[in-house]
Every structure is written in structure tokens, then in C-alpha cells.
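This one's a predicted model, so the numbers in the text were calculated from it and none came from an experiment. Here is how names work: the chains are called A, B, and so on, in the same order as the sequence lines, proteins then strands, and each is numbered from 1.
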Number of protein chains: 2
Amino acid sequence: MEYSNFFKSLTDKEISYLKSISKIKEKKEGDIIFWEGDDPKYTFFLIEGVVKIYKTSNNGNDITLNYILPPSFIGEFAVIKGMKYPISAEMESNGRLIVFETKGLTKFIEKNKNFMREIIIYLANKIEKNYSYCEDLMEKNAKKKVAKFIKEHEDLFFSLKHTKIASILNITPETLSRTLRELKNEGLIVERKIVKINKNKLESLLND
Amino acid sequence: MEYSNFFKSLTDKEISYLKSISKIKEKKEGDIIFWEGDDPKYTFFLIEGVVKIYKTSNNGNDITLNYILPPSFIGEFAVIKGMKYPISAEMESNGRLIVFETKGLTKFIEKNKNFMREIIIYLANKIEKNYSYCEDLMEKNAKKKVAKFIKEHEDLFFSLKHTKIASILNITPETLSRTLRELKNEGLIVERKIVKINKNKLESLLND
DNA sequence: CGATACATTGAACAAATTCAAAGCTGGTGG
DNA sequence: CCACCAGCTTTGAATTTGTTCAATGTATCG
């Protein structure tokens, strides 16, 4: 809610300018934020929920390229480059966005050196996150892939549907299901009434 | 060679400052640019050749996270964040780098708004490239993966060794070899004395 | 002429996908 | 309150695809 939590280098006056060129919007699972090909007239900043970035291939299959967790801009690179979004973005869960008018935002960045610095660091962070996401993608072993996801995103593991998790991991729901069964059989995940996680065993699987 | 080709927003004076805090270095295939864990005392800018970004997993296997083509910084995000490099970088071919003293460079960026703007756009570009690289990673079908690589990097396809290409694509050399044979059999690649590419068929494979 | 590094091939194997079917679960309407 | 439907999840069997490992080819460079 509080813009100042996300944009730390800004003065009250600057924050209130940002508020004047933006709105907070509630979104539901499945809502589209933008489609591939849209003009970046608006710039989106995720403050709550999970967003999937994807491309639709020629045969109609969606390929998940990334998923975004708050706080984060969505598709900021297209905004900066002034190009149409080359990707689509969809809510994977309910959530909230700040929707900026791109024109006002870019004008603001242009004028404000502190904010430029903040943006540079923000972009560097994003690049780092993308590398670590790539690292996860490169893992071909489904068991490790799932274990990693649970370790890094315990909250999402419990809140997202299995189909969504599978899509994030680029595996089939069937594989996810079978993998979870294995993890349970091996005691990496304990299922009572409630599913629990055995962090030690998880850790040691990832360390071999 | 000419710094002004890479850093377009800068004046002659600024360029000569950059020259004063950097050196151009020749590199050979296999040379390490930095290791995971190194301090980013120097900042590297690739002007010729191909660089592989990778992590070494606990069991000793290298996982290629990205490959970098000139002109581009290498591991700039760690420099900006002031963290140790979380990845390693290695030359996949002979090439040339500009090696900056990080301190001088960051001081310069800090002072120069035009350059900050240039850096922001540069970082946005990098993020975009990383997405498209992810898209390639996501392709699980080796035939399409190789076809895409040939289409997008015809030059690299002819200049890099097959082991290097395989490592970039995260497949085994054996799979690459078999895949190329298939592509030849199917006429997507024509081999006379010289290997040629049938762009139409390549294109239509990617379009299904 | 080796020698060394790179490339290809074959066979066995491992792992995920596909497709079809069956199980669950939560919500709706009678 | 029960019956039924829709959406998700799980299971099984067959199949596909890439990997592994070992062996054989091939080329280039002293």
C-alpha cells in the first residue's frame, strides 16, 4: 500500500506525484495484465500475488518464461525500451498492482537522479534473479527442481494449485504429482493431516 | 576498439577518462574471466568473442546459464550490486575485453546522468535478451533447440566447436551430433563439401 | 608418422511425456 | 441433506527422447 516502501529514495512530494499518476488495482487469478503485442501505455508494479510471464508459441502452447514475485515491475524492459510487450503476463493468484501511466512515470524518472539510481539497482537485481531462475530451469531432474521450488517458495507451494506450480516449473502436472509422491515416500515431505517439509533432507538432496 | 562505438552518449573527454581507467585485453578460448566468488574489482566489457556464464554445481558439473555476445558487459549486475560474482565467466572462443577498474567506473556513472540513462537502457536490453535466452532454454526438444540456435546464430554455428555449442545448449555433444545428422537427413541442413542451411525448412520447423 | 583432441556411432538405460481412465473435492441445485 | 457436476489430481501403461558409456572414426599439428 505504502508507495514509500517500494520506492525508498523518494521524498513525500515525489511519492505523491507518483500517486497522482497511478492507481492500485485488485486482480484475480487468471486475469491478464497485458498481452504480447500490447503497447506499454501503462506500467505495472506487482505488490501482491504471483505473475506468470509467458509466450504463446505458434502451435498454441504457452511457454512460461518467468514468474514474478512482489515487489517488482512487470515487463519494465519493454517500457524502458519503448517497444511493444514481447511477452504476456497473467495473474497466477489473486493479487494487487500499481498501474502507472507510462508517460508520467518515464518523465519522472528522467528528472530524478536518485530514482534513476534506484532503477539501475532494481534492474541489476532483476538480472540476478533471472539468472537464478535460469539455473532452476536448467535443472533437468524433476525431483531436484521441485525440491528447490519448495525450499525457495514454501509459501507458494502451499498457496498455488499444482497445475500452476507445474506450469511455473515447466513440467506436466502428472510429473509433479508423481514427484511429490516420491518426495513423500522418501520422507523429504511428511504428510499427516497437513503436509510438512523436512528441510534437512531437502537440503541434503540439493547438496549432492 | 573505439570506445565511442559502445558508449554513444559520451563526450570525447568522458571517453578519454574511461580509457584512463581501463585496458583492452586479448583473451583465448578457455580463458577464465572471473570465478564465482571473485570480488568485482574489475568490470568486464566484451567487444569480441563469445563468453559462457555458468555455475559449477556441488557434484562438479557445469551448468551454462547464459552466453554473452558483444558488445556487452559481463556480470554487470554484481558490479552494480557490489556483491561477489555469483557466477563464473569463461571465453568460449578467442576474443577481446575492455577491463575497467570498477571503482573508477562506478564513480563515473554516478556523476554522469547521460551515462546513467544509457546504462538503464543497456540493462533493459539485457533483461530482454535474457528472456529470449530463457525461451530457448525452455525448449526441451533438441531438434528445435538446435534449429533455433542455427537460425539465430549462423555465425557461431560455423565458428564454434560442437562441444562448445552443446555446452551452450545444455545438451551432450552426442545428442548434438545425432541431431545434426537428423537435420541433414531431413534436408534442413544440406551438406555438400560445405554445410549449408535451408532457412525455409528451418523456419517451418519452428512454426509448428 | 604418431599423438591428441574432437566427432560420431551403437546399445542399454533413465526419465519425463502422453493419453486415457479413475479418484477426489467443493459447490450448486433440487 | 443428498446427488451431481466441474475442475483438479492421481495413477497406469506405453512411448519418446535424451543421456551414458564404451568404442570407433577423423583430422590436425608437431
**Study point:** Euclidean distance, B/Ile33 CD1 relative to B/Ser88 OG, rounded to 0.5 Å
**Key:** 10.5 Å
Revision key, fill the gap. Going 5' to 3' through nucleotides 24-30 of chain D and flagging B where a protein heavy-atom sits under 4.0 Å of the base, S where only the sugar-phosphate is that close, and - otherwise, we get -------
Exercise for review: Using salt bridge (charged side-chain N to carboxylate O under 4.0 Å, His left out) as the criterion, list what pairs up with A/Glu26, not counting sequence neighbours.
Suggested key: A/Arg96
Exercise for review: Mind checking ring-ring contact (aromatic ring centres under 6.0 Å, His included) for B/Phe34 and listing every partner two or more places apart, or none if nothing turns up?
Suggested key: B/Phe44, B/Tyr85
Check your understanding: Considering residues at least two apart in sequence or located in another chain, which fulfil the salt bridge (charged side-chain N to carboxylate O under 4.0 Å, His left out) criterion with A/Lys52?
Key -> none
Atom pairs under 3.5 Å: protein N/O with N/O of nucleotides 12-16 of chain C:
| unit_1 | atom_1 | unit_2 | atom_2 | d |
| --- | --- | --- | --- | --- |
| C/dA16 | OP1 | A/Ala142 | N | 2.7 |

Tabulate atom names and distances for all N/O pairs under 3.5 angstrom spanning the protein and nucleotides 5-8 of chain D.
| unit_1 | atom_1 | unit_2 | atom_2 | d |
| --- | --- | --- | --- | --- |
| D/dC8 | OP1 | A/Lys161 | NZ | 3.3 |

Study note, to complete from the structure: Of B/Lys129, B/Lys144, B/Lys148, the one forming a salt bridge (charged side-chain N to carboxylate O under 4.0 Å, His left out) with B/Asp136 is B/Lys148
Review point. Among pairs that include at least one residue of residues 171-183 of chain A, which meet salt bridge (charged side-chain N to carboxylate O under 4.0 Å, His left out), considering only residues two or more places apart or in two chains?
Key: A/Lys143-A/Glu182
Check your understanding: side-chain hydrogen bond (donor to acceptor under 3.5 Å, both in side chains) with A/Tyr67: which residues, sequence neighbours excluded?
Key -> A/His153
**Study point:** Where at least one partner belongs to residues 163-190 of chain A, residue pairs that pass ring-ring contact (aromatic ring centres under 6.0 Å, His included), sequence neighbours excluded
**Key:** none
Every protein N/O lying under 3.5 Å from an N/O of nucleotides 19-21 of chain C:
| unit_1 | atom_1 | unit_2 | atom_2 | d |
| --- | --- | --- | --- | --- |
| C/dC19 | N4 | A/Glu174 | OE2 | 3.2 |

Exercise for review: Round to a whole Å and report the spacing from CG of B/Leu176 to C1' of D/dG18.
Suggested key: 13 Å
Check your understanding: Stepwise, does the ring pair (Phe, Tyr, Trp, His ring centres under 6.0 Å) test hold for A/Phe77 with B/Tyr131?
Key -> CA-CA 10 Å; A/Phe77 70 92; B/Tyr131 274 123; 5.4 Å; yes
Check your understanding: Is NZ or CZ of A/Lys19 both nearer than 6.0 Å to the six-membered ring centre of A/Tyr3 and within 45° of the ring axis?
Key -> yes
Indicate every side-chain donor-acceptor pair of residues 155-169 of chain A with a distance under 3.5 Å to a residue at least two apart or in another chain.
| unit_1 | atom_1 | unit_2 | atom_2 | d |
| --- | --- | --- | --- | --- |
| A/Ser159 | OG | A/Asp155 | O | 3.0 |
| A/Lys161 | NZ | A/Glu29 | OE2 | 2.9 |
| A/Lys164 | NZ | A/Glu92 | OE1 | 3.4 |
| A/Ser167 | OG | A/Thr64 | OG1 | 3.4 |

Check your understanding: Mind checking what makes ring-ring contact (aromatic ring centres under 6.0 Å, His included) contact with B/Tyr54, not counting sequence neighbours?
Key -> none
